[in-house]
Amino acid sequence: MSSSKTTVGAEQRAAPQADARDDYLRHSRGILSWIFTLDHKRIGVLYLVSILSAFFLGGTFAVLLRTELIGPGKTIVDPDTYNQFFTLHGAVMIFLFIIPGIPAALGNFTLPLMLGAKDVAFPRLNLLSWWLWITGALLSVASILIGAIDTGWTFYTPYSTTTAQKGVLPIVIGVFILGFSSIFTGLNFIVTVHKLRPKGMTWFRMPLFLWAIYSTAVIQVLATPVLGITVALLAAERLMGIGIFDAGLGGDPVLFQHFFWFYSHPAVYIMILPAMGVISEVIAVFSRKHIFGYRFIAMSSVAIAILSFLVWGHHMFTSMSPLANTLFSALTFSVSIPSAIKVFNWLATMYKGTIQLRTPMLYALAFIFLFTIGGLTGLFLGMLAVDVHLHDTYFVVAHFHYVMFGGTVMAFLAGLHYWWPKMTGKMYSELAGRWGFWLVFVGFQVTFFIQFIMGSRGMPRRYYDYLPEFQIYHQISSIGSYLTAVGFFVVAGCLARSLVRGVPAPANPWGANSLEWWTPSPPPHDNFAETPEADDPYDFSKWTLDPGTGGYVRS
Amino acid sequence: MTHPTAASSHVPGVGHVVPIRTLLGVLATLLVLTIATVAITLFDLGSFNIVLALTIAFVKGALVLLYFMHLRWDRPFHAIVIVSAVLFVTLFIGVALLDTLQYHPDVIPGYAPALKR
């Protein structure tokens with residue numbers, strides 16, 4: 001065991017020379033070597049570029065709709081266009097960015113590396129998954145040109161069956177295809193984790209990011225087919241007039257909501273679970289301390305995956321019967337237990353740690369802060385009597401943006417900055433990274449905190465116009481969205497600049513002990529010269545800082 | 001785990017093999033059951049028709065899983081995967097029906113604006 005460690009240690013000290021010989025970025029050249037690659041690292045990068053493009057598109061719609069709301073009445077567009085803006089903002093962000101975000105981009109890159117493996121179990125399926133994403137994305141974007149949908153991202157019937165917009169069918173087919181992309185990624189990860197774990201890595205010695213990705217994959221495989229069925233039924237009703245959801249044809253519109261949320265609530269955990277995995281890695285590494293409560297964090301990921309299937313009804317409190325409401329309200333509160341277990345364990349990990357406030361850690365701290373606000377306001381909405389008042393107000397909008405943006409996007413940025421040196425072989429400017437963080441963080445708070453107040457005072461969501469007393473809230477929120485946008489440009493500029501001017505990254509710039517840091521940055525095509533033998537991923541004691549390279553080396 | 005039995009064997013490099021005779025037997029049973037499904041529609045048994053039809057469908061599905069998909073000789077873990085999938089379907093249909101049945105009395109009969117096409 002010790003001999004293999006010495007080998008890896010020697011190899012990573014020789015990282016600069018290894019870079020020049022072979023790394024995955026320069027292993028082969030040309031666009032075709034990228035878009036038909038079977039290398040999980042390149043597919044991860046392809047996914048990263050793709051989802052960031054989608055994020056830019058979705059963000060553009062967000063800024064446009066906030067601009068429309070900066071004053072009452074018409075500001076820049078008519079009401080129908082505004083409906084299309086918020087629908088497309090939601091659909092693009094959910095289906096194209098946040099669901100594939102962490103698993104498909106960061107997960108694809110790191111999962112085999114963390115396992116000390118050469119690739120995922122099914123590299124071709126992995127490539128197919130990316131191509132399906134591209135196909136689904138093109139169809140969704142085409143729907144904007146044909147006649148952008150205005151149903152809300154949830155495609156609720158009867159809007160989606162009676163609306164005049166021609167874009168409904170292409171985007172629904174696009175979502176169907178994107179679902180398969182998600183299933184294939186999940187399937188691949190499940191098999192990879194089961195079959196390709198290295199010597200020494202038992203289930204309870206896996207990095208917690210792998211537990212999170214694994215639990216996510218189980219949800220992806222189990223829940224996503226339901227989305228496929230739902231949109232297929234919707235297409236059947238719209239195309240052939242078969243009465244499934246339309247009461248006029250003997251159907252039931254509430255059934256659509258059951259179908260949709262049976263997928264889409266578990267999908268919320270497809271979005272947040274990998275984020276929690278990133279945070280578990282980052283918090284431990286930058287506290288220079290072993291993660292606290294490993295088994296509790298790991299098992300709470302599995303618990304969340306199971307409970308996620310039992311709470312879909314809380315999206316339908318105003319359309320369901322009293323008995324179902326009572327059941328779902330009680331079950332909803334149970335989800336807060338495993339989430340809280342994670343938060344307390346992260347805090348306990350930081351307790352008496354040597355905390356380093358590097359950029360990934362700043363995002364991780366923001367995650368804990370914002371996700372806690374998002375989670376606690378979820379309890380308001382899970383309570384039936386309160387939900388009746390808050391349903392469909394800006395309070396709900398603020399709540400899920402705290403979870404999805406304050407949670408998942410912050411964790412995505414934490415992970416992106418954390419693994420960036422490994423992915424690109426370049427270090428970014430810490431100063432620029434922190435500026436980006438503070439702008440995004442403050443911009444986010446200005447945009448969304450005010451929406452809790454606006455919502456609890458009765459401002460409904462998705463409205464084009466509003467009463468004069470709500471104007472100040474809308475203006476503050478819109479200004480916040482501009483600040484957030486500036487922040488994202490700073491983040492993008494910081495990372496883009498590192499590609500050109502960044503200093504070469506050492507193999508292990510943060511002193512982490514999971515296996516992806518045992519290989520040079522960027523990793524060679526085959527990941528590892530020989531399969532490493534894993535030990536405790538959170539034992540950082542053997543790594544010491546080498547002032548010469550700025551990286552950590554095994555002592 | 002796979003064990004060689006009279007009705008099956010594990011061939012290295014190929015995987016688990018079920019004898020043609022067994023497969024044809026299952027196929028014949030499925031065909032007979034399909035005919036039975038059609039045949040029972042000729043008799044009016046009231047609500048019992050649907051019970052019979054679903055029972056036959058269940059048996060056919062089970063035969064496909066057990067023999068064509070080799071679950072009978074497979075690891076118990078894979079049976080757990082299948083059973084949990086069935087549980088999820090039951091959960092979904094069960095709760096959706098529970099909800100529908102409870103609000104059904106509030107629905108005004110015949111009152112539903114038709115699709116405007």
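No experiment lies behind these values; they were computed from the predicted model shown. We name chains A, B, ... by the order of the sequence lines, and we start the count at 1 in each one.
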**Asked** Should we count OH of B:Tyr103 as having more than 12 external heavy atoms under 6.0 Å?
**Response** yes

Rounded to the nearest 0.5 Å, the OG atom of A:Ser321 sits from the CG atom of B:Leu101 at a distance of 9.0 Å

message = Taking the ring centre of each residue, are B:Phe92 and A:Phe259 less than 6.0 Å apart?
response = yes

TODO: Give a yes or no on this: more than 12 heavy atoms of other residues, nucleotides or ligands lie within 6.0 Å of atom CG of B:Leu24.
DONE: yes

When every non-hydrogen atom of A:Phe262 is compared with those of B:Leu91, the smallest separation belongs to CE1-CD2, 4.1 Å

Applying a strict 4.5 Å limit to non-hydrogen atoms, the region of A:Pro225 in contact with chain B is neither

Honestly, the part of A:Leu222 sitting under 4.5 Å from a heavy atom of chain B is side chain

### Query
Counting only heavy atoms not in B:Phe48, do more than 12 sit closer than 6.0 Å to its CZ atom?
no

Between A:Phe328 and B:Val95, is the side-chain contact (heavy atoms from CB on, under 4.5 Å) condition met? List the steps.
CA-CA 10 Å; A:Phe328 279 119; B:Val95 177; 3.4 Å; yes

**Report entry** Any donor-acceptor pair under 3.5 Å from B:Asp99 side chain to A:Ala324 backbone
**Finding:** no

Rounded to the nearest 0.5 angstrom, the OG1-CG distance for B:Thr100 and A:Asp252 is 5.5 Å

